[in-house]
Amino acid sequence: MRSGGPRRVIAAWLAVGLLGLLGCSDPEAPAYVEVVDGRLTASRPAGWEVPVEVDQPWTSGFRLNPESVEQIQFSGDFGEYATAGEAVGTLIGQAQLKLAKFTVVETRDVEVRGATTAQVVRYTILDNANSQLSGTWIVAAHWPYPQSVAISILTPQHDPELERQVLDSMRMRPVLS
């Protein structure tokens, strides 16, 4: 009968190594971090920390790594829109002109703290390699002092958990004069 001695030693070392690897991840580390951008406060994935160069009306943005598709952009002053629908209409019009195979998948009204109206728009586009990407815009507006804020998320596939986290964290701080 063979002894299991060497196998037990190897198994014990593997177990210790795996426990050491598990100990490297900090269970207290937040999965999302807060971003304050003008009149907008919202959360982004903590790992998406590489700054993205943005164009107006976007004022800040982050991605997973320098080459990743995954990115989130913020606009704490999206424009003087009375409703979220009005602001979304502008986004859709520009996207139809500039983005390949832009298709709206869903538009729905949502609630955002501090806003009088808010909408989520989910869409798809094709990237430069003809791969389909999924995008989400979350736009909030405040009336009677027309102003808006917006968030843009781009991922390879729609991520409902990411959308929910960002939407649940979103707050608009309107100027009331």
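- Put simply, CD on Gln157 and OG1 on Thr124 are 12.5 Å apart, with the number rounded to the nearest 0.5 Å.
- Between Val35 and Phe62 there is a side-chain heavy-atom pair separated by less than 4.5 Å.
- In this structure the side chain of Ile151 never reaches within 4.5 angstrom of the side chain of Gln73, judged on heavy atoms.
- For the residue pair Glu163 / Gln165, no side-chain donor-acceptor distance below 3.5 Å is found, with atom types taken as modelled.
- When the shell of 6.0 Å around CD of Glu34 is examined, it contains more than 12 heavy atoms from other residues, nucleotides or ligands.
- Within the model, atoms CZ of Arg39 and OG of Ser148 stand 8.5 Å from one another, a figure rounded to the nearest 0.5 Å.
- For the pair Ala115 and Ala140, the tightest heavy-atom approach, listed with the atom from each and the gap, is CB-CB, 3.7 Å.
- Inter-residue side-chain proximity for Glu106 and Val121 is flagged as unmet; no heavy-atom pair is nearer than 4.5 Å.
- Around atom CD of Glu111, no more than 12 heavy atoms belonging to other residues, nucleotides or ligands sit under 6.0 Å away.
- Contact check for Leu91 versus Val139: side-chain heavy atoms found under the 4.5 Å cut-off.
- Sequence neighbours left out, the pairs with a member in residues 92-127 that pass ring-ring contact (aromatic ring centres under 6.0 Å, His included) are Phe102-Tyr123, Phe102-Trp137, Tyr123-Trp137.
- When all heavy atoms are compared, the tightest approach of Ser75 to Thr59 is CA-OG1, 3.6 Å.
- Side chains of Thr41 and Arg173: a donor on one and an acceptor on the other come within 3.5 Å.
- Looking only at side-chain heavy atoms (C-beta outward), Leu126 and Gln132 come within less than 4.5 Å of each other.
- The distance from the CD1 atom of Ile153 to the CZ atom of Arg44 is 12.5 Å, given to the nearest 0.5 Å.
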Requested in this report: Kindly determine whether Glu86 and Thr83 satisfy side chain to side chain contact (heavy atoms under 4.5 Å, CB included), including the steps that lead there.
Outcome: CA-CA 5 Å; Glu86 184 182 354; Thr83 67; 3.3 Å; yes
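- Rounding to the nearest 0.5 angstrom, the gap separating the CD atom in Gln96 from the OG1 atom in Thr103 is 9.5 Å.
- Note that CZ of Arg63 is 8.5 Å distant from CG of Leu154, once rounded to the nearest 0.5 Å.
- Ring orientation note: the planes of Tyr145 and His142 are close to parallel, at an angle under 30° on the 30°/60° scale.
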Query raised in the report: Do Arg122 and His158 pass the side chain to side chain contact (heavy atoms under 4.5 Å, CB included) test, and can you show the C-alpha distance, the side-chain angles, and the key distance before you say yes or no?
Result: CA-CA 8 Å; Arg122 288 187 38 236; His158 176 62; 3.2 Å; yes
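- Checking Leu162, Leu133, Leu64 one by one against Thr155, the side chain to side chain contact (heavy atoms under 4.5 Å, CB included) holds for a single residue, Leu162.
- Contact annotation: the side chain of Tyr81 never approaches that of Pro146 to less than 4.5 Å [non-hydrogen atoms, C-beta and beyond].
- Listed for the Ser169 side chain is a donor-acceptor partner under 3.5 Å among the backbone atoms of Ser43.
- When every heavy atom of Ala84 is checked against every heavy atom of Ala118, the shortest pair comes out as CB-CA, 3.6 Å.
- Side-chain contact between Arg113 and Met172: absent, with no pair of heavy atoms (C-beta onward) separated by less than 4.5 Å.
- Between the CG atom in Leu40 and the CE atom in Met170 there is a gap of 5.0 Å [rounded to 0.5 Å].
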